[in-house]
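Please read the structure below before turning to the comments.
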Amino acid sequence: MISDNPNNGERLLVVDDEARICQSLKRLLGASGYEVRTAASGPEALRLLEAEPFDLVLLDLMLPEMSGQEVLDRIRSEHPRIPVIMISGIATIDAAVAALRSGAYDFIRKPLESEELLRRVQNALAQERLAREKAAIDRELAISERRYRYLVEGSPDLIYTLDNEGRFTFVNDAFSRLLGYGCDQMLGRHYTE
């Protein structure tokens, strides 16, 4: 069993109407450093998701009151960043494909093998972390690009870039102000012109 999980403290929600499965998953995942809550029905799971933050949901396909597919659809619309791994013992291939097309991160058949389950949970959480990091980097890049454009376009000096053949690939607005040429007129022309 994997016990040195680098993702300690991540919060998981296990949704299954079989108390025995909820408890065994809670023990298994808890021993790997995850904080685990359980729910026995779709409405209970949705209430917990509204009240508390979770990093991942393990969701049984066959639930009382509302199906796992219905719960998945609600999670996708109300909590789109939370990855969902569907689990089921009697699901067909069509049900698995439908769940994946509806936005489930993964689909696992019961009985669950400990190592496989832990690996898939770790993969889903790693994917989500990478997506959050990429979004943060993209935001920083957009801010940096706006600053760069402000500085370059507002500069009183001629600022330009050339390709390997010496043709203009970028000119700032100073070309228009100082030389009377529009930026579009300069692009693609050789600097000696």
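Keep in mind that this is a model prediction, so the values were computed, not measured.
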By salt bridge (charged side-chain N to carboxylate O under 4.0 Å, His left out), Arg120 pairs with (sequence neighbours left out) Asp106, Glu116

So if you build clusters from Ile, Leu, Val, Met, Phe, Trp, Tyr with side-chain heavy-atom gaps below 4.5 Å, do Phe168 and Leu178 land together? yes

Would you say that Tyr34 contacts Val121 through its side chain, given a criterion of any heavy-atom pair below 4.5 Å between the two side chains? yes

Presence of salt bridge, Arg129 and Glu10, under 4.0 angstrom: yes

Roughly how far, to the nearest 0.5 Å, is the NZ atom of Lys134 from the CG atom of Asp138? 3.5 Å

Is it the case that over 12 heavy atoms from other parts of the model lie below 6.0 angstrom from the CZ atom of Arg101? no

Which pair of heavy atoms, one from Ala124 and one from Pro83, lies closest together, and at what distance? O-CG, 4.1 Å

Any chance you could lay out the side chain to side chain contact (heavy atoms under 4.5 Å, CB included) test for Asp16 and Thr38, step after step, and finish with the verdict? CA-CA 8 Å; Asp16 199 306; Thr38 62; over 6 Å; no

Taking only residues at least two apart or on different chains, which pairs with a member in residues 42-54 satisfy side chain to side chain donor-acceptor pair (under 3.5 Å)? Arg11-Glu52, Arg37-Glu52, Glu50-His79

With sequence neighbours excluded, residues passing side chain to side chain donor-acceptor pair (under 3.5 Å) with Asp94: none

Suppose we screen for salt bridge (charged side-chain N to carboxylate O under 4.0 Å, His left out). Which residues come up paired with Asp55, at least two apart in sequence or across chains? none

Between Arg149 and Glu145, does any NZ, NE, NH1 or NH2 come within less than 4.0 Å of an OD or OE carboxylate oxygen? yes

Which residues pass the salt bridge (charged side-chain N to carboxylate O under 4.0 Å, His left out) test with Arg20, sequence neighbours left out? Glu18

Can you list every side chain to side chain donor-acceptor pair (under 3.5 Å) pair that touches residues 156-179, not counting sequence neighbours? Thr161-Thr169

On a heavy-atom basis, the closest approach of Leu72 and Ala99 is CD2-O, 3.5 Å

Only counting residues at least two apart or in another chain, list the ones meeting side chain to side chain contact (heavy atoms under 4.5 Å, CB included) with Ser24. Arg27

CG/Asp184: more than 12 non-hydrogen atoms of other groups inside 6.0 Å: no

Please enumerate all residues that pass side chain to side chain contact (heavy atoms under 4.5 Å, CB included) together with Leu46, with sequence neighbours excluded. Leu49, Met66, Val71, Arg74, Ile75

Considering only heavy atoms from C-beta outward, does the side chain of Ile85 approach that of Phe107 to under 4.5 Å? no

Please list, chain by chain and in numerical order, all residues satisfying side chain to side chain donor-acceptor pair (under 3.5 Å) with Ser102, sequence neighbours excluded. Gln69

Would you check if Val84 and Leu58 make a side-chain contact, meaning some heavy-atom pair closer than 4.5 Å? no

Enumerate the salt bridge (charged side-chain N to carboxylate O under 4.0 Å, His left out) contacts for residues 59-70, please, sequence neighbours excluded, ordered by first and then second residue. Asp60-Lys110

Of the non-hydrogen atoms in Leu61 and Ser88, which two are nearest, and what is the gap between them? CB-CB, 3.7 Å

Mind checking what makes salt bridge (charged side-chain N to carboxylate O under 4.0 Å, His left out) contact with Arg76, not counting sequence neighbours? none

Report yes if the side chains of Val57 and Leu12 come closer than 4.5 Å at any heavy-atom pair, otherwise no. no

Can you hop from Leu187 to Phe175 via hydrophobic side chains spaced under 4.5 Å? no

More than 12 heavy atoms of other groups within 6.0 Å of Arg132 CZ: yes

What do you reckon, is CD of Glu78 surrounded by more than 12 foreign heavy atoms closer than 6.0 Å? yes

So CD1 of Ile137 and CG of Leu130: to nearest 0.5 Å the spacing works out to 9.5 Å

To the nearest 0.5 Å, what is the distance between CD on Gln127 and CD on Gln122? 13.0 Å

Locate the shortest heavy-atom distance separating Ser32 from Leu118; write the atom from each residue and the value. OG-CD2, 3.5 Å

Minimal non-hydrogen separation, Ala39 against Cys22, with atom names: O-SG, 4.0 Å

Step by step, work out the side chain to side chain contact (heavy atoms under 4.5 Å, CB included) result for Val36 and Leu25. CA-CA 8 Å; Val36 182; Leu25 288 176; 6.0 Å; no

Test side chain to side chain contact (heavy atoms under 4.5 Å, CB included) on Leu179 and Leu158 and set out the steps. CA-CA 10 Å; Leu179 303 177; Leu158 297 176; 4.2 Å; yes

All heavy atoms of Leu48 vs all of Phe54, minimum pair found to be O-CE1, 3.6 Å

Under 4.5 Å side-chain linkage, directly or through intermediates, the cluster mates of Ile159: Tyr148, Val152, Phe170

Check: Leu100 and Tyr105 side chains under 4.5 Å, non-hydrogen atoms: no

